[in-house]
Amino acid sequence: MNKVAIVKQRLIELLTQAASEAQQLGKLPSVALPEVAVEHPQNPEHGDYASSFPLKLARATGVNPLAIAENMVGLIVSSPEIDTITVAPPGFINFTLKSDWLTRQVDSILVAGDSYGSVDLGRGSRVQLEFVSVNPTGPLHVGHGRGAILGDALANVLTATGYKVEKEYYINDAGSQIDAFYRSLYARYQQCLGIDAEVPTGGYLGGYVTDLAKEIIAETGDRFLALPEPEAVLQLGQLGLDRMIKLIRSDLELLGVTFDVWFSERSLYDKGQYQTAVSLLRQGGYIAEKEGAIWFVSTALGEDKDNVVVRGDGSPTYFASDIAYHYDKFLVRKFDKVINIWGADHQGHVSRMKAVVGALGIAPERLKVIISQLVTLRRGDELVRISKRSGDIITLREVVEEVGTDACRFFFLSRSADSQMDFDLELAKKQSVDNPVYYVQYAHARIASILRLAQQRGIDYGDGDVSLLTTEPELTLIRKMLLLPEIVEIVAHTLEPHHLAYYAQDLATVFHSFYTQCRVVSRDDEILTKARLKLVAAAKLVLAKTLNLMGMTAPEKM
RNA sequence: GCGCCUAUAGCUCAGCGGAUAGAGCAUCGGUCUUCGGAACCGAGGGUCGUGGGUUCGAAUCCCUCUAGGCGCGCCA
């Protein structure tokens with residue numbers, strides 16, 4: 001299915017073989033072979049693939065790299081995909097693919113259909129992807145949207161690469177922030193009913209809390225006033241919490257993001273994971289009591305400082321929950337791999353969480369944490385505050401409604417998670433026509449339109465002969481289409497979905513260029529028309545697959 | 001002070017050990033008898049933050065420094 005990836009792998013095999021044969025023949029000193037790397041040269045004159053293996057080998061052996069290359073080329077077995085193998089100074093081996101092999105891939109892509117671009121790397125191993133997991137104490141803002149899109153796109157790619165993926169949202173429904181939210185809501189509730197009350201210090205001041213209180217009053221009246229305060233805070237709070245979670249869920253759905261599991265923090269205490277996890281750590285000698293609190297002795301694992309698990313007042317910290325949570329992920333639910341996507345403000349939490357995982361006897365490599373850097377929102381030059389507690393916020397929902405789901409997703413995926421980004425609302429709107437999103441989608445719609453025309457004219461291109469696709473624009477398009485499996489592989493490996501966005505643009509560019517140079521549906525040449533219809537249909541498939549992996553729509557018309 | 005992230009074209013960003021550093025936007029100049037001009041073709045524009053080092057080869061790896069961001073709670 002993944003022909004190019006196989007070619008790449010095949011080339012690596014061939015090179016390795018050639019090298020060891022050269023060693024056996026005494027043409028090369030017997031040293032341990034360095035890793036064989038094969039890549040796409042940026043200059044097309046250097047072929048489809050190139051390897052600098054001889055240069056690497058030269059370092060290990062002290063032999064002239066050109067001589068190594070020459071020796072190896074003579075020993076490389078011929079292969080049906082490969083046209084020419086050449087040596088280029090200072091010691092590259094360049095490969096060119098046979099164009100008839102290339103054109104045949106059009107048929108292969110059409111046969112593969114939706115599964116084209118999928119590569120089985122995971123072999124069914126189970127991956128949990130936990131992301132967003134925002135405290136349900138307020139609506140989502142743009143920064144959360146970034147994590148949401150990142151996670152969702154990664155889930156798509158990992159699924160396409162043979163992993164069994166579960167998407168999970170961790171609901172922080174325990175702890176002091178929830179408390180503050182409950183009390184804030186109660187205060188607003190009282191205020192709306194004419195009672196003098198104040199939002200406690202450290203509480204949530206956003207107008208949405210008042211809105212929430214009003215909604216609850218509209219539906220259930222003032223019945224919580226009759227309850228004693230602690231009871232009222234709790235009951236009203238839980239009502240508010242449920243609504244908050246529903247709101248978050250619907251905001252995410254607007255972005256096209258859904259979850260398989262909504263996991264409650266509180267359940268970790270109800271079901272005993274917390275107790276078990278801590279006793280495991282205690283057995284390992286990682287738990288100590290000092291200064292009236294219970295600590296995780298992370299210094300024993302090379303951390304800068306120890307961390308409190310249970311406060312002096314007996315209440316567990318959020319760190320305690322996370323210990324239990326990761327115990328549950330790995331030792332109860334037994335995921336092979338766990339990926340957490342956190343905001344930049346949680347960076348400091350990464351190493352101690354890895355330490356916990358190690359202390360629980362789990363190989364720390366099984367936990368991957370992706371840190372997505374901050375998003376700042378602005379309108380032109382004006383910075384927009386997005387802090388939940390301070391009051392005025394622009395919600396993710398407002399942004400999505402203003403900019404559109406597909407554009408939002410593409411925008412978020414266009415930058416690596418490592419870079420901070422500015423989300424300029426003015427620009428996002430102003431650019432909507434020139435937006436790369438539309439450029440890519442337009443290519444897809446354009447193909448759809450061509451296929452519609454063909455259908456109108458009653459052309460059945462099922463018997464199209466792809467070997468007629470010999471011109472440069474056609475072959476360039478095919479070569480680009482054949483890159484998708486490699487991109488998918490890279491994304492699955494690096495967990496960096498932004499490569500998809502760049503690939504999508506590249507592919508669209510190559511298609512548009514082909515389009516202006518090659519007439520597809522022509523009355524003069526029915527045979528060529530059929531061949532090109534096949535090409536275009538395959539391109540449509542690849543474009544759609546790429547867009548779908550990003551969680552975007554591939555429109556037939558726009 | 002310590003940890004993490006970032007610094008590449010006017011702007012927003014890719015590239016992260018290979019052969020002449022790329023894209024989009026912006027600027028300038030071209031392309032329409034026929035499939036969607038939301039398009040295509042071309043041009044200009046770069047001491048890859050600084051200074052060292054490793055290497056046959058460095059934007060890419062290591063160290064120094066500078067600038068910006070985020071952390072360093074018995075908050076989450």
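What you see below is based on every heavy atom in this structure, not just the backbone, and it leaves out hydrogens, waters and symmetry mates. Given the structure is predicted, the values throughout are model-derived calculations rather than measurements. Chain letters run A, B, ... following the sequence lines, proteins first, then strands; residues in each count from 1.
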### Query
Are A:S513 and B:rC41 close enough that a side-chain N or O sits under 4.0 Å from OP1 or OP2?
yes

### Task
Just compare B:rC56, B:rA19, B:rC40 and give me whichever is closest to any side-chain atom of A:R59.
B:rC56

### Query
Taking atom C1' in both B:rA39 and B:rU34, what distance in whole Å separates the two?
16 Å

### Message
Considering every strand and a 4.0 Å limit on heavy-atom distances, what is the contact class for A:A37: base, sugar-phosphate, or nothing?
### Response
nothing

### Query
Does the distance from a Lys or Arg side-chain N to an Asp or Glu carboxylate O, for A:R519 and A:D524, drop under 4.0 Å?
no

### Task
Specify the residue among A:H498 and A:P316 whose closest nucleotide of RNA chain B lies further upstream toward the 5′ end.
A:H498

### Query
Are the ring of A:Y502 and the six-membered base ring of B:rA23 within the stacking cut-offs of under 5.5 Å and under 30°?
no

### Task
Look at the side-chain N and O atoms of A:H346 and state whether any lies under 4.0 Å from the OP1 or OP2 oxygen of B:rC4.
no

### Query
Is the closest basic N to carboxylate O distance between A:K56 and A:E35 below 4.0 Å?
no

### Message
Checking A:D406 against A:Q441: is there a side-chain donor and acceptor pair closer than 3.5 Å?
### Response
yes

#### Entry: Residue A:Q505, side-chain heavy atoms: nucleotide from B:rG37, B:rC70, B:rG24 that is nearest
B:rG24

### Message
Mind checking if A:R352 touches a base, just sugar-phosphate, or nothing, with heavy atoms under 4.0 Å?
### Response
base

### Query
Are A:E556 and A:K540 close enough for a salt bridge, meaning some N to O gap below 4.0 Å?
yes

### Message
Is the terminal nitrogen or CZ of A:R446 (NZ for Lys, CZ for Arg) located under 6.0 angstrom from the six-membered ring centre of A:F511 and within 45° of that ring's axis?
### Response
no

#### Entry: Whole-Å C1' distance, B:rA67 and B:rU8
16 Å

#### Entry: Any A:R311 side-chain nitrogen or oxygen under 4.0 Å from OP1 or OP2 of B:rG73
no

### Query
When we call it a touch if two heavy atoms are under 4.0 Å apart, what does A:A58 touch: a base, just sugar-phosphate, or nothing?
nothing

### Query
Under 4.0 Å between a side-chain N/O of A:T317 and OP1 or OP2 of B:rG73, yes or no?
no

### Message
I want to verify a distance call: between B:rG15, B:rC70, B:rA39, whose nearest atom is closest to the A:E496 side chain?
### Response
B:rG15

### Query
Taking the same atom, P, in B:rC61 and in B:rA38, what whole-Å distance lies between them?
42 Å

### Task
Looking at every strand, decide which applies to A:L55 at a 4.0 Å heavy-atom threshold: base, sugar-phosphate, or nothing.
base

### Task
For B:rC13 and B:rC32, measure between their P atoms and round to the nearest Å.
37 Å

### Query
Across the strands shown, which category fits A:S416 at heavy-atom distances under 4.0 angstrom: base, sugar-phosphate, nothing?
sugar-phosphate

### Query
Just wondering, are more than 12 heavy atoms of other shown residues or ligands nearer than 6.0 Å to CD in A:Q517?
yes

### Message
Taking any heavy-atom pair under 4.0 Å as a contact, classify A:Q42: base, sugar-phosphate, or nothing.
### Response
sugar-phosphate

### Query
Is A:N340 reaching over with its side chain to a backbone N or O of A:E130, donor-acceptor style, under 3.5 angstrom?
no

### Message
Taking the minimum atom-to-atom distance to the side chain of A:D345, which one of B:rG17, B:rG15, B:rC70 wins?
### Response
B:rC70

### Task
Name the nucleic acid region contacted by A:H512, choosing base, sugar-phosphate or nothing; use a 4.0 angstrom heavy-atom cut-off, strictly under.
sugar-phosphate

### Message
Tell me the interatomic distance from A:D424, atom CG, to B:rC11, atom C1', rounded to whole angstroms.
### Response
11 Å

### Query
Cationic tip of A:R352 within the cone over A:F319's six-membered ring, i.e. under 6.0 Å and within 45° of the normal?
yes

### Task
Decide yes or no, distance alone: a donor-acceptor N/O pair under 3.5 angstrom between the base of B:rG37 and the side-chain of A:R446.
no

### Query
OP1 or OP2 of B:rG3 sitting under 4.0 Å from any side-chain N/O of A:K305?
no

### Query
Across the strands shown, which category fits A:N43 at heavy-atom distances under 4.0 angstrom: base, sugar-phosphate, nothing?
base

### Task
Give a yes/no answer on whether the side chain of A:S522 brings an N or O atom under 4.0 Å of OP1 or OP2 in B:rC35.
no

### Task
Check step by step if side-chain hydrogen bond (donor to acceptor under 3.5 Å, both in side chains) holds for A:T96 and A:T84.
CA-CA 5 Å; A:T96 314; A:T84 60; 2.8 Å; yes

### Query
If you look at every strand shown and take non-hydrogen atoms under 4.0 Å, does A:S449 touch a base, only sugar-phosphate, or nothing?
base

#### Entry: Nearest-neighbour nucleotide for the A:M558 side chain, B:rG36, B:rA76, B:rG18 considered
B:rG36

## Note on the structure
Among B:rC2, B:rC40, B:rC13, the one nearest any side-chain atom of A:D304 is B:rC2

### Message
For the P atoms, the ones on B:rA7 and on B:rC11, what distance do you get once it is rounded to whole angstrom?
### Response
14 Å

### Message
When the P atoms of B:rC72 and B:rA14 are compared, how many Å lie between them, rounded to an integer?
### Response
26 Å

### Query
Heavy atoms under 4.0 Å, any strand shown: does A:F319 hit a base, just sugar-phosphate, or nothing?
nothing

### Message
Can you check the distance between B:rG18 and B:rU60, where both ends of the measurement are the P atom (answer in whole Å)?
### Response
11 Å

#### Entry: B:rG15 versus B:rU6 - spacing of their P atoms, nearest Å
10 Å

### Task
Return the nearest nucleotide to the side chain of A:R519; candidates are B:rA39, B:rA23, B:rU34.
B:rU34

### Task
Give me the ring orientation class for A:Y318 and A:H346: parallel if the planes are under 30° apart, tilted from 30 to 60°, perpendicular past 60°.
perpendicular

#### Entry: Strand RNA chain B as a dot-bracket string - pairs counted if Watson-Crick or G-U with both distances under 3.5 Å, | where the partner lies in another strand
(((((((..((((....[...)))).(((((.......))))).....(.(((..]....))).))))))))....

### Task
Whole angstrom is fine here: how far is it from CD in A:Q517 over to C1' in B:rU34?
17 Å

### Query
According to a strict under-4.0 Å criterion, is A:H46 in side-chain N/O contact with OP1 or OP2 of B:rU20?
no

### Task
Determine the interplanar angle of the A:F259 and A:W262 rings, folded into 0 to 90°, and report it as parallel if under 30°, tilted if 30 to 60°, perpendicular if over 60°.
perpendicular

### Query
To the nearest Å, how far apart are A:L507 CG and B:rA23 C1'?
15 Å

### Query
So what does A:Y439 hit on the nucleic acid, given a heavy-atom distance under 4.0 Å: a base, only sugar-phosphate, or nothing?
sugar-phosphate

#### Entry: Close side-chain approach of A:F411 to A:N435, heavy-atom, < 4.5 Å
no

#### Entry: A:V308 vs A:K557, nearer the 5' end of RNA chain B by closest nucleotide
A:K557

### Message
Regarding A:E303, tell me which of base, sugar-phosphate or nothing describes its non-hydrogen contacts under 4.0 Å with the strands shown.
### Response
nothing

### Message
Side chain of A:E291 only, heavy atoms from C-beta on: which candidate in B:rC35, B:rC74, B:rC56 is closest?
### Response
B:rC74

### Message
What's the closest nucleotide to the side chain of A:R415 if the choices are B:rC35, B:rA14, B:rG69?
### Response
B:rA14

### Message
I'd like to know if the side chain of A:R457 and the backbone of A:R523 have a donor-acceptor N/O pair within less than 3.5 Å.
### Response
no

### Query
Taking the side chain of A:S419 as its heavy atoms from C-beta onward, which of B:rC74, B:rG37, B:rC13 lies nearest to it?
B:rC13

### Query
So which of residues 84-91 of chain A are in contact with RNA chain B, with a heavy-atom cut-off of under 4.0 Å?
A:A88

### Query
NA contact type, A:N94, heavy-atom cut-off 4.0 Å: base, sugar-phosphate, or nothing?
base

### Message
Please classify the nucleic acid contact of A:S321 as base, sugar-phosphate, or nothing, using heavy-atom distances under 4.0 Å.
### Response
nothing

### Query
Taking the side chain from A:S315 and the backbone from A:R311, do they hold a donor-acceptor pair closer than 3.5 Å?
no

